[in-house]
Amino acid sequence: MLLDRYLPRMEFDSYEDFKKNYTVVYPDNFNFGFDIVDEWAKQDETKKALVWCNDHDEEKVFTFKDISLLSNKAANYFSSIGIGKGDVVMMILRRRWEYWVCAVALHKLGATIIPSTLQLTKKDIVYRGNAAGVKSIVCVNDDFVISQVEKAMPEIPSLKTRTVVGEPRDGWNFFEAEIEDKSDKFERPQGKAATSWNDIMLVYFTSGTEGMPKMIQHNFVHPLGHIVTAKYWQRVQENKLHMSVSDSGWAKFGWGKIYGQWICGAVVFAYDMDKFVPARLLEKMSRYRLTTFCAPPTMYRFMLLEDVASYDLSSIKHYATAGEPLNAEVNMKWQRLTGHNIYQGFGQSEGSVLLADFQWDDIKVGSSGKPSPIYDLRLLDNFGKEVPDGEEGSICIMGIKDKPPVGLFTGYYHNPGMTEEKLHGSCYNTCDMAWRDSEGYYWFVGRNDDVIKCSGYRIGPFEVESALIEHDAVVECAITGVPDPVRGQVVKATIVLKKGYEPSEALKKELQNHVKRTTAPYKYPRVIEFVDELPKTFSGKIKRAQIRHEDEEAERVRDN
């Protein structure tokens, strides 16, 4: 095992024992490529690391030895095109198997990687390229992606090289051909070329409600923060297949498809789907005999529209979810069909899992669980004072001033002013609202920006969404606030209906009355809009801010 190198103690008697005594130790020069991937390869040359497939009947199986040797070849290739410690490489690779090879190679070199989604346009790429000083880019051979990168390149002076995976492309270095003749030996850099724990390994661009996306930077010990994510929340098992559904452009990929899972010795299962088709995903889950599985709540909701019972999911021992709060109705249906609850996790791109359902206590469906032992979490009011149980506060991480907890971001890349403002005070404020019950469970309310202020009441979107999801007509919904001249804001529900239901005024009234019966009557949606689908990020999060902004724009047009 490798875990015992980093965890002085792995087994705990209770959550309280876990919270008090969990500790991570690491050398100052920890490097995921050398200390995890290469070490597993040395211990067992046959140990599986990755099982990859797609929608075109392609399949590849890689051992840690394979990944070790291929990443060495890739490191020698990247070095040959001028990539070294501190250089920034953008990767737009979807769920291609090459992502794992390239990421490990770049970690070995000490480069900084920027995982990015296929949805980026020329404008997005230009902004990211110049903000981060991107020196090289690695892309999947996708017509849209390639066209946007080629349009962006002349406007990014720092961008020197471009590499494509999958199929050759004119004017691009072809990854598979480039690494073919490279040596599979790559010695660990020494001296100034070696990585230190606080060098920047990874940068995520994360959008807020205002301005351009921010650059969240993680150091080289960030992967060790995900031991809690993988072992104690997702409960991966060594040599067993784990699947987290995420594109490589998102932080959820780092949460569920590489770092903690490989540290624990699990086999990552990667399904490179062209698009999310619930029946196809269920078929892959059944055919490959997964042991653990994690997906956003949205995917569970849509899988429940299929005949889940007709798929053999008996090999799966643990289900998890993150990205959005999980509605109780979804969990109850899933438990009834599979015999397993879905275990909630909560966090941000800025860290590893912050709150989760851990193994020692019963879950409370609808809650986000209890704090990770890595972080000292408190709920604070607007004046920085801790709120009592039952009252809402901002989730804040304390004790970060001297040295950040392992797993937490270390600042905003190329923005020391914002880093000083957000991280060098008494705490890091996540800007997520929650309340804690008397047993220590946290209940997510919403982003500060998502909380609706109506006639003096504060209404969290999740509780209203959960009430609506219980109605047979509703597949999914988003709760937002819309301006109101009398109440300030009123609750709006944007709803996707199940097949067989049609929009009508009578159905609106029925849904409003259902919410009044299910939760406090003042929370019912005074405005209801039926849509074919909700706007979402590629990782499955509902874009409530987009709905709000579209409503505000429509209001301005009407006023004019």
Side-chain angles (χ1 to χ4, degrees), residues 297-298 300-305 321 324-337 341-342 344 362-368 389-392 433-439 441-447 450-484 486-534 542 544 547-548 551:
T298 297
Y300 283 105
R301 286 196 289 267
F302 278 95
M303 285 192 287
L304 283 169
L305 298 178
T321 191
E324 290 272 313
L326 178 71
N327 307 101
E329 182 71 10
V330 174
N331 183 76
M332 286 187 286
K333 289 179 179 178
W334 196 264
Q335 203 280 336
R336 192 164 59 244
L337 289 166
N341 285 309
I342 304 171
Q344 180 84 29
D362 294 335
I363 69 170
K364 289 188 178 183
V365 178
S367 90
S368 297
D389 289 350
E391 290 189 17
E392 294 177 11
M433 303 295 292
W435 60 275
R436 183 182 57 243
D437 68 22
S438 60
E439 295 181 290
Y441 290 81
Y442 283 63
W443 299 78
F444 182 76
V445 175
R447 293 287 295 172
D450 289 336
V451 174
I452 301 157
K453 302 171 183 70
C454 176
S455 299
Y457 294 108
R458 288 172 55 84
I459 303 169
F462 175 59
E463 53 193 338
V464 186
E465 291 168 359
S466 293
L468 281 166
I469 284 290
E470 292 180 16
H471 195 282
D472 289 340
V474 179
V475 173
E476 60 178 351
C477 61
I479 295 299
T480 54
V482 291
D484 182 85
V486 176
R487 296 177 176 86
Q489 285 182 310
V490 295
V491 177
K492 176 191 175 184
T494 306
I495 296 173
V496 177
L497 294 174
K498 288 182 182 175
K499 291 179 181 177
Y501 289 88
E502 295 295 331
S504 69
E505 291 303 313
L507 181 55
K508 286 183 182 180
K509 191 69 175 176
E510 181 180 335
L511 292 170
Q512 289 170 329
N513 288 334
H514 170 76
V515 173
K516 290 178 183 179
R517 292 191 302 269
T518 306
T519 187
Y522 69 84
K523 298 175 183 176
Y524 85 94
R526 295 174 183 271
V527 179
I528 292 180
E529 179 184 3
F530 297 110
V531 297
D532 293 331
E533 60 181 355
L534 296 176
I542 296 169
R544 294 183 188 85
I547 296 172
R548 286 199 306 270
D551 289 339

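Here, residue 1 is the first one in the sequence, and each next residue gets the next number. What you see is a predicted model, and the numbers here were worked out from it, not measured in a lab.
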Smallest separation among heavy atoms of [X] and [Y], with atom names:
X      : Y      : answer
Lys498 : Val474 : CE-O, 3.6 Å
Ile363 : Ile342 : CD1-O, 4.2 Å
Val475 : Ile469 : O-CD1, 3.3 Å

Interatomic spacing from [atom1] in [X] to [atom2] in [Y] - rounded to 0.5 Å:
X      : Y      : atom1 : atom2 : answer
Leu534 : Ile542 : CG    : CD1   : 5.0 Å
Asp389 : Tyr441 : CG    : OH    : 13.5 Å
Lys516 : Tyr524 : NZ    : OH    : 4.5 Å
Leu326 : Ser367 : CG    : OG    : 10.0 Å
Asp472 : Glu329 : CG    : CD    : 8.0 Å
Thr321 : Tyr300 : OG1   : OH    : 5.5 Å

Run the side chain to side chain contact (heavy atoms under 4.5 Å, CB included) test on Gln344 and Val365 for me, step by step, so that the C-alpha distance in whole Å, both residues' side-chain angles and the decisive distance to 0.1 Å come before the verdict.
CA-CA 8 Å; Gln344 180 84 29; Val365 178; over 6 Å; no
Report yes if some heavy atom in the side chain of [X] is under 4.5 Å from a heavy atom in the side chain of [Y]; otherwise report no.
X      : Y      : answer
Phe530 : Lys508 : yes
Leu304 : Val330 : yes
Trp334 : Asn341 : no
Leu507 : Leu497 : yes

Sub-3.5 Å donor-acceptor pair from the side chain of Thr519 to the main-chain atoms of Val515, do we have one?
no
Whether His471 side chain and Leu511 backbone form a donor-acceptor pair below 3.5 Å
no
Listed by chain and number, what are the side-chain hydrogen bond (donor to acceptor under 3.5 Å, both in side chains) partners of [X], not counting sequence neighbours?
X      : result
Asn513 : none
Ser466 : Asn327
Lys364 : Asp437, Glu439
Glu476 : Arg301, Lys536

Aromatic contact, Tyr442 with Trp435 (centres under 6.0 Å)
no
Does Lys509 NZ have over 12 foreign heavy atoms under 6.0 Å away?
no
Sequence neighbours left out, what passes salt bridge (Lys or Arg N to Asp or Glu O under 4.0 Å) with Glu533? Give chain and number order.
none
Any residue meeting side chain to side chain contact (heavy atoms under 4.5 Å, CB included) with Ala493, in chain and number order, not counting sequence neighbours
Leu468, Ile479, Ile495, Pro525, Ile528
What's the verdict on side chain to side chain contact (heavy atoms under 4.5 Å, CB included) for Arg526 and Lys492, showing C-alpha distance, side-chain angles and the deciding distance?
CA-CA 6 Å; Arg526 295 174 183 271; Lys492 176 191 175 184; over 6 Å; no
Taking NZ, NE, NH1 and NH2 as the nitrogens, is one of them in Glu470 or Arg517 under 4.0 Å from a carboxylate oxygen of the other?
no
